[in-house]
Amino acid sequence: MIIDLVWLVPLIPLIGFIINGLGRNTLSKSLIGFIGSSVIFVSFAISVGIFLALGADANKSHEIFLFDWINAGALHIPVSFLVDPLSAIMLLIVTGVGFLIHIYSIGYMHSDEGFGKFFSYLNLFIFFMLLLVLGSNYIVMFIGWEGVGLCSYLLIGFWYTNSSYASAAKKAFVMNRIGDLGFLLGVFFIFTTFGSVEFSKIFPQAANMLPGNTTIALIALLLFIGACGKSAQLPLFTWLPDAMAGPTPVSALIHAATMVTAGIYMIARSNLIFDLAPLIQHVIAIVGLATAIVAAIIALTQTDIKKVLAYSTVSQLGYMFLGLGVGAYNGAFFHVITHAFFKALLFLCAGSVIHALHHEQDMRHMGGLRKKLPVTFITMLIGTIAIAGLPPFSGFFSKDEILAHVYLHDKVMWGIAVFGAFLTAFYMFRMLFLTFYGKYRGTHHAEEKIHESPKSMTIPLIVLAVLSAVGGIIGVPEALGGNHWLSHWLSPVIKHTGESPDHATEYILMAVSVVGVLISIAIAYGKYIKQNHIPASDEAKRSVLANLSYHKFYVDEIYDALIRKPLDAISVFFYKIVDNKIVDGIVNSLGWGTTEASKGLRLIQSGNVGFYIFMMVVGIISLLLYTYLSL
Amino acid sequence: MNIIITITVTALVVLYAGLFKAKKALLPITLIGLLISLAFVATSWNTNQTYFGMMQMDNFALAFSGITILGTLFVFLLTQNYFAADSENIAEYFTLILFALAGIIIMVSYKNMSMLFIGIEIMSVCLYILAGIRKSNFASNEASLKYFLMGAFSTGFLLFGITLIYGATGSFDLETINQYLVGNYKSISPMFYPGVILMLIGLSFKVGAAPFHFWTPDVYEGAPTLITTFMSTVVKTAGFAAFLRLFADTFAPLHDFWLPPLVAIVCITLFIGNVTALFQKNFKRMLAYSSISHAGYLLFSLVTLSANSSNNVLVYAAAYTFASIIAFAVLIMVKQKTGNDHFDSFNGLAKRNPLTALVLTIAMLSLAGIPLTAGFIGKYLMFLNVMGEYQILLVAFAILNALVGFYYYFKVIVAMYFKEGNEIELEVPLQYKAVLIFSVVITLFLGVYPAVILNLI
Amino acid sequence: MTQQLQGVPLNHYIWLSAIIFTIGVIGVLTRRNAIVIFMSVELMLNAVNLLLTAFSVHNNDPSGQVFVFFIMALAAAEVAVGLSIIVMVYRNTQSVDINVLNRLKW
Amino acid sequence: MGTSVFYFVATLSVIFSLMVIFSKNPVHSVLYLIVTFFTFTVHYILLNAQFLAVVNFIVYMGAIMVLFLFVLMLLNLNKDNEPLKSGAVKVVGVIAGCCLVVTLVGSLKATAVSDPVILRNPNLGLLKNLGKELFGPFMLPFELSSILLLSAMVGAVLLTKKEKV
Amino acid sequence: MEQLLLLLIFLPLLGALVTALSGNAAKHVALVSAIVSLGFALAMVCNFTPDASTQFVVNYSWIHDLGINFHAGVDGISMITILLTNVLIPLIILASYQHSYKSSNAFFALILFMQSGLLIVFTALDAFLFYIGWEAALIPIYFICAVWGGKDRIKVNMKFFVYTIAGSLFMLLGLIYLYLQNPAHNFDIQAFYNLNLDATQQGWIFWAFFIAFAIKMPVFPFHTWQPNTYTEAPAAGTMLLAGIMLKMGIYGVIRWLLPIVPSGVQDWGHVAIILSVIGIVYASIIAFTQKDAKRLVAYSSIAHVGLISAGIFALNTQGMQGAMIQMLSHGINVVGLFFVLDIVSSRLKTNRISELGGIAKQAPVLAITALIIVLGTVALPGTNGFIGEFLLLIGVYQYNIWLAVFAGLTIIFGAVYMFRMYQNIMLGKTNDLTITFTDVKGSERIVLYIICALIIVLGVYPKPILQLSEASVQHLIEQVTQKLTSVN
């Protein structure tokens with residue numbers, strides 16, 4: 001049965017990694033590109049097979065045991081894979097989107113000298129991502145979890161000779177690690193609470209537990225911290241915008257479509273646990289909402305095309321967490337899927353633009369590219385509409401599902417979230433307008449060289465554009481006459497899902513958001529096309545709010561001042577004062593004291609016989625005194 | 001008895017050989033005499049003979065005789081080219097050393113206070129002279145006079161002690177004294193106690209235990225190196241044998257009484273010896289202080305009296321003797337090359353003389369008490385012995401001192417291996433080679449397989 | 001006469017010896033002339049001799065007196081050696097002051 | 001008369017020995033020492049140790065003291081030119097000595113042995129008796145002390161002989 | 001079979017002798033000897049039954065009167081350390097190929113001599129033998145570090161030596177005490193296990209032993225000898241010290257501390273574990289701002305060892321097994337790190353981080369292998385470091401949650417300082433100095449490849465190693481807990 005061959009899905013990309021890694025300097029670029037892409041395609045094909053087989057199978061949960069990894073006392077950690085609806089659909093996304101981005105990369109990275117390295121890293125990333133998705137226990141998931149972090153590190157720092165890129169890579173890794181510690185501690189809690197780390201042993205036990213259990217709440221909180229790191233939530237989100245230092249396909253694949261959604265995947269996977277911790281769910285909702293709004297506000301004023309997209313990603317991830325927080329696991333996961341489509345698309349389009357402009361990323365130097373890059377423009381338009389949430393594009397359905405649940409959960413939150421959605425529409429269209437409309441603002445010399453990207457790049461764009469447009473079909477709500485296939489599909493995994501609002505309310509909610517989005521677009525249109533407004537240069541004065549937004553709320557600077565600098569100062573203090581002066585000082589002063597004692601004591605040996613004899617007599621007298629006293 | 005006669009006769013023969021200018025024959029005669037006495041030691045093993053009620057040649061005496069004779073043999077081997085440069089009275093030197101050895105044999109086998117006294121004095125008088133045989137050398141003069149004045153002074157206390165014990169017991173015989181103690185345990189004459197203390201003082205002086213150690217560094221430094229070798233190895237061993245015979249056997253019933261002062265002496269000795277050695281710039285003087293500290297460790301055997309005490313002293317003394325002989329032998333060679341005995345003279349020695357440096361290193365490791373050398377076994381036995389009575393604090397104190405010891409013993413190793421210096425190449429005469437090899441083999445053998453010596457006595 | 005004189009308590013002999021012994025010690029402590037120091041040492045030895053004799057008589061045991069004989073032998077030997085050392089030192093330093101002997105120190 | 005002779009002689013011994021250590025001229029010291037030794041001889045006689053009295057007289061006063069005097073004269077030290085130790089040192093020395101005597105005698109608890117010294121055997125100190133002892137049980141040390149004397153002899157010669165170098 | 005153990009212990013000694021006499025060919029002779037030893041060790045692993053029993057036992061009377069026997073044997077715990085020693089020594093020798101040390105025969109002979117001492121430590125079942133090995137391993141490393149070390153070597157090594165020996169002397173004190181308590185008057189480990197000491201006695205013994213082991217590992221605050229010594233030592237010396245020697249301390253705790261004084265551990269173990277955890281955080285933080293790469297790795301080693309120590313004192317299977325595999329992993333990783341730094345410094349004559357940069361451009365192979373080693377060190381899942389740290393953390397976690405949280409900071413801090421170092425050395429622009437850098441080749445490449453292979457293989461399939469020690473570890477913990485319950 002094809003499901004039993006699931007180990008092939010990650011293995012094949014691994015083989016690709018090994019071949020490309022070893023042959024990175026010897027194989028030709030076309031061969032590397034072919035190998036790199038085709039292994040993913042094979043994986044994709046198998047994934048499709050698995051998906052279909054699973055759909056046909058009555059048993060929706062298959063655990064495929066490979067080998068024992070760690071055995072220590074009560075702790076058993078096998079390397080085994082879990083194929084269930086959730087992982088099966090993730091497989092499709094990871095391999096499918098991954099394949100498209102591989103194809104795209106062939107064109108995008110064509111002139112880069114690290115071509116072979118790049119493909120091997122991408123293959124490795126897919127391997128780890130698949131491990132993350134397929135793992136049947138938290139530890140295998142954690143391998144993938146950290147593995148994708150590693151690949152993220154490698155790919156952000158792909159152009160490592162630029163040390164700020166290398167720093168961005170390091171930052172990404174370290175921030176992820178902060179979350180990972182939370183994850184790990186959560187796993188420890190799980191192990192001590194349930195005696196296992198395997199999903200198949202944990203969830204049945206958790207299902208019998210009552211909500212409000214403190215341990216469960218702690219587990220949920222720790223897992224959530226892990227998810228925060230990986231999925232760039234407040235306060236660990238600053239690495240993601242910096243991660244745009246990597247090549248654009250990387251941004252599309254890792255920092256938009258797949259890796260950053262791992263946190264959502266993990267929480268969705270553990271939904272039974274989170275259901276038992278309503279308080280933590282609330283926290284998740286608040287964090288998600290805050291992230292969504294903060295990132296959206298920052299995105300309003302960014303001028304780097306990739307940064308806009310990055311903050312938009314953070315914002316969208318915030319929505320997903322908001323969904324998770326209000327119990328709309330299906331909605332959140334639905335948004336993961338649609339977001340994978342449209343955000344990958346947007347990034348790839350941005351990449352296409354950047355490619356065409358020879359690595360120009362500043363929107364202030366773009367403009368009027370609509371004619372020159374028609375395919376890119378159209379696809380990007382589709383992506384923008386999708387993310388803005390206009391029906392019938394995919395983003396509309398997923399976002400509205402989340403918002404509907406939020407509405408039921410808390411009206412105020414809904415209000416804020418909807419406002420965030422309007423902001424999304426505004427900054428996305430701002431980006432689109434600044435890039436493709438108006439006049440080209442770069443040098444004339446550069447303008448002549450602008451050309452549409454090669455086929456290998458445009459085809460993935462088109463495919464993704466189609467998916468972005470129609471992807472929503474898998475989750476059309478009943479209110480709109482659909483049957484929400486996705487939630488049915490996921491129902492074996494996600495048992496509990498929030499109540500849906502009645503249809504009338506749903507219609508109103510939809511209407512509000514659609515109207516609001518349209519108004520936002522109109523405002524953007526007015527500002528950036530009618531008034532031809534161009535974002536000010538870095539030095540220009542801004543209003544307080546704009547300044548905050550432009551400087552990303554100074555979060556990096558705050559971290560610097562609150563964490564990095566104090567830590568460095570403590571480090572120097574520990575090293576120079578505590579270690580060298582106190583701890584070592586005590587040790588040294590013992591030696592020093594002995595030496596000084598020696599210096600002093602040897603003076604007794606004055607060379608004078610009279611003194612010697614006197615000292616002897618003193619000794620004799622004291623001994624005799626002892627005798628006298630002891631009798 | 002045979003042993004003393006052999007040694008004395010050898011001394012006399014040497015003296016006469018000197019008269020007849022038979023310089024070349026001196027060393028062979030001496031060596032033959034010593035070897036014969038060694039053979040006597042071997043043959044009288046386990047016979048436990050008593051001579052005139054004055055000397056008891058039990059295994060204790062024989063074992064210590066063996067070690068001291070062997071040590072003296074090595075010292076004689078080191079005389080090659082040593083005295084020739086200064087003087088033509090080699091025969092007299094040889095005679096005096098042999099006389100001193102005779103005194104030592106008496107010291108290790110006495111059964112009567114008078115023998116102890118005679119033995120100590122024969123040895124001391126010879127050493128007073130030997131320390132001063134570099135007549136025109138100021139340091140040698142000073143060493144001799146200092147040693148003499150302080151030695152005579154301390155003899156007074158030793159005699160006073162003997163007198164008081166005699167007054168209390170009416171006898172000089174060790175056995176009688178011991179029986180007196182056992183018999184009148186409740187009514188021991190009050191004169192006895194200060195007598196014991198005064199004897200403790202007198203003997204502490206002889207072995208160089210603080211605070212009666214003041215002569216040691218000055219005399220060791222000032223005396224000719226070879227004589228220092230003799231003093232710090234053979235003489236010291238003999239002093240401990242004498243100490244042990246008296247305190248571990250005869251005065252054993254009063255252990256509770258003399259233990260506290262002894263512990264005080266041990267602690268002061270360890271502290272002063274080790275700590276003062278730390279700052280020395282002169283290798284010879286450092287060895288003098290190290291010998292003080294070793295006196296402290298050796299006195300451990302008296303802190304806890306057990307069946308093994310004397311054997312422990314034997315092992316320790318053997319370890320110490322052979323390691324010290326190596327150190328002094330190398331020192332003599334270095335001094336002959338460089339003209340001084342500072343640590344600096346050893347700088348870079350290992351480059352041109354790797355084997356000599358290795359041997360000296362092993363000797364230093366042994367003195368410091370690193371496992372797989374005899375010195376470790378010695379220290380271990382001492383600690384073990386004292387720990388048996390759970391005098392843990394004392395052992396801990398000794399361990400701290402041993403730690404200080406590592407510093408100064410390693411100073412010479414550091415100088416030889418790690419410092420750049422005048423790359424002298426030592427000429428190692430054949431006899432020196434023999435001494436070095438023998439000593440190092442013994443040091444290592446006892447370190448790896450001490451079983452042979454553990455139950456000797 | 002001797003018969004009449006007997007009856008001196010033993011502890012008076014001890015007192016006497018101890019005092020003379022201590023006078024010897026004080027001499028060693030306070031004088032700088034090596035020869036005088038040496039004489040003080042002889043004083044100490046004689047104090048011991050006296051005490052030994054007294055004990056010998058008290059215990060009615062001749063061995064004490066024999067021991068005194070040995071001590072005298074030692075004294076003779078020591079004087080011979082000691083004085084020759086002093087003479088030797090004097091030849092080098094033109095002095096018998098022990099404070100001159102302080103080159104070996106520390 | 002009783003035991004007063006002893007006390008008289010003892011007082012003389014103490015006085016003269018004090019003179020020994022306090023007289024500035026070393027030659028005077030030697031002379032006082034001779035007198036002191038003479039008082040000791042008297043003590044020996046009082047104890048009926050005639051042999052010792054004679055030996056003491058001969059060996060100490062006859063040989064040893066003459067040797068001292070001889071050396072003093074030889075080295076021309078018969079002046080009181082000894083640089084004296086400072087007063088403080090002397091005081092300290094005397095105090096130390098007093099402490100010594102106090103502790104020494106105190107530790108003896110001398111009062112505890114107050115029984116008088118009584119000569120039970122009048123022949124005890126006579127030559128014949130001592131000879132038997134000396135050549136009987138103490139023969140070995142007696143013979144061995146020859147080594148002592150011999151080595152002292154060799155040493156004295158060795159040290160005082162002028163080198164030819 | 002028992003001859004195998006004797007061969008294992010004494011072959012290096014023979015090798016040392018031959019090496020010392022073989023002049024310029026010394027390094028080859030030493031390598032051959034080390035590889036043969038490795039062969040023996042592997043043969044031993046093959047013949048080893050992974051249960052709790054002690055195998056390959058040799059027991060000869062040595063110093064009969066003192067109750068000292070040449071009693072050695074191997075159980076799962078020893079097997080790991082034997083493996084560690086015999087795998088790393090050939091690597092270290094091979095890693096020294098790139099240097100031309102003066103009097104190299106002595107250098108390599110000392111390494112092999114030390115190997116013997118280490119193997120005695122790791123197999124001894126007689127406390128005295130253990131002590132002998134303990135000291136015998138110290139002397140060669142002292143000479144290696146002090147003869148072939150950096151310019152400050154004399155002072156630094158003297159401190160190292162005296163510090164270490166101070167600890168071991170107190171251990172000796174404890175051993176003698178146990179010997180005297182033992183009615184059979186011998187040093188047999190089993191007899192020591194069977195002693196019934198009261199809590200006070202156990203407390204004292206605990207400290208006497210713990211200080212010795214803590215200095216060796218080193219655990220905060222006994223660590224100050226370590227950074228200087230690592231920095232000043234020659235590369236091989238640093239590798240020996242960090243790779244193998246500090247495991248002596250860990251092994252000592254497992255073999256000679258826990259089972260002998262369980263009550264002492266119960267009473268004082270929390271102090272040890274707290275010190276260890278303090279060490280983790282403290283050393284990690286110090287490592288942040290180190291300017292010298294070798295010193296940085298030295299501090300990182302303190303942090304890593306602190307975690308191992310904490311895991312052991314947590315006294316559960318996970319922690320102990322974690323310690324087992326982490327001993328191996330840390331050995332491999334730290335040798336790798338120091339080797340990379342040695343390659344850098346032997347080419348550029350500096351280890352100052354600020355002077356380096358951009359080496360990856362010049363030496364991609366070095367950069368990639370170094371990255372793998374760094375990943376192993378920061379415990380990325382899939383590398384050997386993760387298995388150990390994960391088990392250790394879960395072990396500590398079961399002991400106390402907050403300690404685990406602080407100990408867990410190592411995975412964040414480790415990433416910070418390691419990647420910072422990696423970035424500043426390997427990444428960024430090449431400068432005038434690093435432009436001359438040439439990529440690794442020959443023996444260097446072999447060593448790096450082997451280390452990377454070990455890192456990944458152990459990370460992906462640690463089961464054989466875990467199995468090797470599992471039974472013994474279980475047995476040990478049962479032994480300790482049984483003794484505790486029987487007391488209470």
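Computed from a prediction, not measured in an experiment: that's the story for all the values here. Chain identifiers are assigned alphabetically (A, B, ...) following the order of the sequence lines, protein sequences preceding nucleic acid strands; residue numbering begins at 1 within each chain.
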Say you draw a straight line from [atom1] of [X] to [atom2] of [Y]; how long is it, rounded to the nearest 0.5 Å?
X: B/Leu372; Y: E/Ile132; atom1: CG; atom2: CD1; answer: 5.0 Å
X: E/Leu173; Y: B/Leu384; atom1: CG; atom2: CG; answer: 11.0 Å
X: B/Ile453; Y: E/Ile63; atom1: CD1; atom2: CD1; answer: 12.0 Å

Inset, instruction - Just do the side-chain contact (heavy atoms from CB on, under 4.5 Å) check on B/Leu400 and E/Leu169 with the steps written out, would you? - result: CA-CA 9 Å; B/Leu400 287 178; E/Leu169 281 178; over 6 Å; no
Inset, instruction - Identify which part of E/Ile154 has an atom lying under 4.5 Å from any heavy atom of chain B, answering side chain, backbone, both or neither. - result: side chain
Inset, instruction - Using non-hydrogen atoms and a 4.5 Å limit, figure out which bit of E/Ala166 sits close to chain B: side chain, backbone, both or neither. - result: both
Legend entry - Most contacts with chain B, counted as non-hydrogen pairs under 4.5 angstrom, among E/Phe128, E/Phe143, E/Phe170: E/Phe128
Legend entry - For chain B, the option from E/Leu138, E/Leu66, E/Ile68 that forms the most heavy-atom pairs under 4.5 Å: E/Leu66
Inset, instruction - Return the set of residues passing side chain to side chain donor-acceptor pair (under 3.5 Å) with B/Thr356 (not counting sequence neighbours), or none when no residue passes. - result: none
Inset, instruction - Quick one: list whatever passes side chain to side chain donor-acceptor pair (under 3.5 Å) with B/Asp249, sequence neighbours left out. - result: none
Legend entry - Interchain contact, B/Ile399 with chain E, by part (heavy-atom threshold 4.5 Å):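 Both the backbone and the side chain of B/Ile399 come within 4.5 Å of chain E.
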Legend entry - More than 12 heavy atoms of other groups within 6.0 Å of B/Phe406 CZ: yes
Atom pairs, donor to acceptor, chain B/chain E, distance under 3.5 Å:
| residue | atom | partner | partner atom | Å |
| --- | --- | --- | --- | --- |
| B/Tyr390 | OH | E/Gln181 | NE2 | 3.2 |
| B/Phe418 | O | E/Arg153 | NH2 | 2.7 |
| B/Val448 | O | E/Trp62 | NE1 | 2.7 |
| B/Asn455 | ND2 | E/Asp65 | OD1 | 2.8 |
| B/Asn455 | ND2 | E/Asp65 | OD2 | 3.3 |

Legend entry - Among B/Val404, B/Val448, B/Ile377, B/Leu365, residue most engaged with chain E (heavy-atom pairs, under 4.5 Å): B/Val448
Inset, instruction - Please identify each residue that fulfils ring-ring contact (aromatic ring centres under 6.0 Å, His included) with B/Phe438, with sequence neighbours left out. - result: none
